[in-house]
*Asks:* 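Questions regarding the structure given below will be posed in turn.
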Amino acid sequence: MTDLPTSSYPALLVGLPVLMATISLFFKSRGNAVAGLIGCLLTGGLGIVSFAEVTQRGTLIHILGGWKPPLGILLRMDSLAALFIGITAVVGILISLYAWWYFSSRKVSDGKFTLFWSLWLFLWAGLNGLFLSNDLFNLYVTIEVITITAVALAVLSGRTVALFAGLRYLLAAITGSMAYLLGVALLYGSTGTLDLGLMGQALEPGATATFSLIIITLGLMIKKAAFPFHFWLPPAHSSALAPVSAILSALVVKGAFYIMLRLWTEVFGVSLSYAAGQLIGFTGAVAVIWGAWQALLQTNLKMLVAYSSISQMGYLLMAFPLLILAPGVASGSADWLAPAWTGMAYQVMAHAFAKSSLFLSAGIIVFALGHDRIESLRDLVAWKPMTAMAIGIAGVSLIGLPPSGGFMAKWMLLKGIFLSGQWWWAPAVLLGSLLTAGYVFMLLRLAFAPAREKIAFRPVPHILQVCALLLALGSFLIVLPSENLIQFLGGTESFGTGIESIMEGGVHGNE
Amino acid sequence: METHQIYSLTSVVLFAIGIGGVIMAKHFLKKIIATIIMGGGVFLCFVSFAQRDALTFADPVPHALVITGIVVAVTSAAFALSLARRIHQLTGEKTFPDEK
């Protein structure tokens, strides 16, 4: 691996946000926010530039301090990492711009929440570090950075309900990371390495491997709020400030998922985990249906959006039984791997855009009305047409109607499901979409319904609505370069063959 | 029974006690202490793998990992304690509302 092209981008992606976060701590109020916003724009720009660099040059590595692995730390930016970093960059820039106007247009009595900027930059550094990490312990450290900053952001409003939710989130997350770390200890004990690639070669199927697989996966599922460990997510995400909710829902939960994906595809052997893959897919399917059902029952907009996250994240887990091959199936003959990978990648992107847009829109409504009861969405098209449009567009992507990114995700997932013959996952995908359509149309019905009385609202800065709308549009725009993206992802290890079958049939072609 | 086996078994027991505490204890402090016990178990597990044989030096990597792990664990515990303290200041509560 050390013979791959080196680049300083991976190191900068972690170092720059840490530096800017520290600098912004030295300033008070206004200067702090200015430094923070500059840091966010630089980090985001760097993310986009480095994504472009990977599309040109392929996988990039950086050996920290010149100490080669296994002794030193190697940062690896392959196409999967670049994709996650790219999404984080685009979504992060828009959320940062929103946050700038959101905080600066609030009254002083609301507090200026100056700590937001440095916490958000530290969190961003943690996310970039996580995507670039190539060893199990580095992954642990980065996910802890993410957890601590994420909880700190979640309790930033200082409201009691947020504090309770934050403590519950923190306790769940600590338990999850301790379980993960115990698994790492066992894996280190049996293989003598922490490097993902070396460990994948050295790990023998057996009791230790199975136990560490189970405990690591359980720990990560707690952190990812997978069913049945989702209890901490809705209160924590819904009680946070609008930009924070968007960050938590769109980006933070993807971190633990990314580790799961890396471990399952690169470390844990094929024959070891077929049954476990089925089990994970099952919890994903339950989450898809149960989360969407709970969302339908909510009376507050932010709670609805938070439950919708549980449902949408379930789709990601449903890709696992497709990515884990049954014993005796060669990856060369598994033509469903490419559609499953593509569907999963699109689900990550579409959810990041659509969910951040929904939370920012909910933030606009709270900003204007002072509360987020769903009933108050009445006549939204008349008094906040742009926000109504953002909710509509993001909602359509969540449901998975063409030509949205959500459609690509679910279409490719279904294609993978049918190609692999695991037809039993298909009803869950379709039922999830139906229930999602239920709560999205419930919101839209109210938005178009006439108001019962005259609505009094605070004026909202125009730019807030623009940011939310751009994010919603993003969930559609990601479909345009789909062919290039699929080819780009093909560079990921374990993507498998079958990419030709997508290309021949055309992305939207019939089978 | 060899030394490292005693350590490994103890670490698993500690971890289990911690998990049980986080789930079953109601008081915030008890929950936080349970996570610290859990951490102790995990670190002991790391250290128990450091033993090679009587003649060579112990493997230094687990020790480096444990040091880092302890720093992280102390930080999270301190953060959890400050959250619990703030909740107590504002509401007088020592448990989650739905766990009374």
Side-chain angles (χ1 to χ4, degrees), chain A residues 70-71 135-138 140-152 154-155 158-195 208 211-212 215 218-219 222 229 231-232 235, chain B residues 4 8 11-12 14-16 18-19 21-23 25 28 31-32 34-52 59-62 64-66 68-69 71-73 75-91 93 95-99:
Chain A
L71 194 61
D135 70 87
L136 284 171
F137 198 75
N138 227 24
Y140 165 74
V141 173
T142 50
I143 201 160
E144 285 298 75
V145 171
I146 293 170
T147 300
I148 292 176
T149 47
V151 176
V155 299
R159 289 160 55 214
T160 333
V161 53
L163 289 171
F164 273 118
L167 184 58
R168 198 185 289 262
Y169 179 5
L170 184 60
L171 286 170
I174 294 176
T175 312
S177 37
M178 282 305 160
Y180 170 82
L181 196 58
L182 184 66
V184 172
L186 293 171
L187 285 176
Y188 180 78
S190 60
T191 61
T193 179
L194 289 164
D195 184 88
T208 319
F211 181 71
S212 44
I215 198 155
L218 282 178
I222 296 177
F229 306 115
F231 57 91
W232 58 264
Chain B
H4 73 96
S8 320
S11 73
V12 173
L14 281 175
F15 187 80
I19 288 265
V22 171
I23 296 169
F28 288 148
K31 275 184 190 286
I32 295 167
T35 63
I36 298 170
I37 294 174
M38 212 178 349
V42 174
F43 302 141
L44 193 61
C45 183
F46 263 113
V47 172
S48 71
F49 287 127
Q51 190 186 39
R52 286 163 172 167
D59 182 3
V61 176
L65 302 184
V66 166
T68 318
V71 173
V72 174
T75 318
S76 351
F79 185 26
L81 283 170
S82 65
L83 278 181
R85 184 159 163 266
R86 184 76 185 141
I87 290 175
H88 185 65
Q89 275 177 348
L90 288 177
T91 64
E93 295 287 341
T95 56
F96 287 114
D98 54 342
E99 283 186 4

*Asks:* Is the shortest heavy-atom distance from the side chain of A/Tyr188 to the side chain of B/Asp59 under 4.5 Å?
*Replies:*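 In contact.
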*Asks:* Specify which of A/Gly166, A/Ala152, A/Gly158 makes the most heavy-atom pairs with chain B at under 4.5 Å.
*Replies:*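 Looking at each option in turn, the highest pair count goes to A/Ala152.
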*Asks:* Can you tell me how far the CZ atom of A/Phe231 sits from the CG atom of B/Asp98, to the nearest 0.5 Å?
*Replies:*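 Reported value, rounded in 0.5 Å steps: 10.5 Å.
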*Asks:* Please find the pair of heavy atoms, one from A/Leu170 and one from B/Phe79, that lie closest to each other, and give the distance.
*Replies:*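 Minimum heavy-atom separation between A/Leu170 and B/Phe79: CD2-CD2, 3.8 Å.
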*Asks:* Taking the side chain as C-beta and beyond, is there a heavy-atom pair between B/Val12 and A/Leu182 under 4.5 Å?
*Replies:*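 Not touching, per the 4.5 Å side-chain cut-off.
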*Asks:* Roughly how far, to the nearest 0.5 Å, is the CG atom of B/Leu65 from the CG atom of A/Leu181?
*Replies:*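 Between atom CG of A/Leu181 and atom CG of B/Leu65 there are 8.0 Å.
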*Asks:* Could you check if a side-chain atom of A/Met178 sits within less than 4.5 angstrom of a side-chain atom of B/Thr35, using non-hydrogen atoms only?
*Replies:*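 A/Met178 vs B/Thr35: side chains apart.
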*Asks:* Give me the atom names and distance for the closest heavy-atom approach of A/Phe164 to B/Thr95.
*Replies:*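 For A/Phe164 and B/Thr95, the tightest heavy-atom pair comes out as CE2-O, 3.6 Å.
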*Asks:* To the nearest 0.5 angstrom, please state how far the CG atom of A/Leu167 sits from the CZ atom of B/Arg86.
*Replies:*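 A/Leu167 atom CG to B/Arg86 atom CZ measures 14.0 Å (nearest 0.5 Å).
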*Asks:* Quick check on A/Leu194 against chain B: is it the side chain, the backbone, both or neither that has a heavy atom closer than 4.5 Å?
*Replies:*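 For A/Leu194, the contact with chain B is made by the side chain alone.
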*Asks:* If I measure from the heavy atoms of chain A, does B/Ile23 come under 4.5 Å with its side chain, its backbone, both, or neither?
*Replies:*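 For B/Ile23, neither part sits under 4.5 Å from chain A.
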*Asks:* Please rank A/Thr160, A/Thr147, A/Val145, A/Leu163 by heavy-atom pairs under 4.5 Å with chain B and give me the top one.
*Replies:*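 Answer, by heavy-atom pair count under 4.5 Å with chain B: A/Leu163.
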*Asks:* Please verify the inter-ring angle class for A/Phe137 with B/Phe46; under 30° counts as parallel, over 60° as perpendicular, anything in between as tilted.
*Replies:*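 The rings of A/Phe137 and B/Phe46 stand perpendicular, inter-plane angle above 60°.
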*Asks:* Please identify, among B/Ala77, B/Gly69, B/Ala84, B/Ser76, the residue contributing the most non-hydrogen atom pairs under 4.5 Å to chain A.
*Replies:*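 Ranked by heavy-atom pairs under 4.5 Å with chain A, first place is B/Ser76.
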*Asks:* Measure distances from B/Leu90 to the heavy atoms of chain A and classify the residue's part below 4.5 Å as side chain, backbone, both or neither.
*Replies:*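 Contact with chain A is through the side chain of B/Leu90 alone.
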*Asks:* Which answer fits B/Thr91, side chain, backbone, both or neither, if we ask what part of it has an atom under 4.5 Å from a heavy atom of chain A?
*Replies:*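 Contact with chain A is through the side chain of B/Thr91 alone.
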*Asks:* Contact part of A/Leu187 toward chain B, heavy-atom cut-off under 4.5 Å: side chain, backbone, both or neither?
*Replies:*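 Neither the backbone nor the side chain of A/Leu187 comes within 4.5 Å of chain B.
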*Asks:* Under 4.5 Å heavy-atom distance to chain A, tell me which part of B/Phe15 shows up: side chain, backbone, both or neither.
*Replies:*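 Looking at B/Phe15, just its side chain touches chain A.
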*Asks:* Does any part of the side chain of A/Leu171, heavy atoms only, come nearer than 4.5 Å to the side chain of B/Phe96, both counted from C-beta?
*Replies:*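 B/Phe96 vs A/Leu171: side chains touch.
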*Asks:* Counting only non-hydrogen atoms closer than 4.5 Å, does A/Ala173 touch chain B with its backbone (N, CA, C, O), its side chain (CB onward), both, or neither?
*Replies:*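 Contact with chain B involves no heavy atom of A/Ala173 at all.
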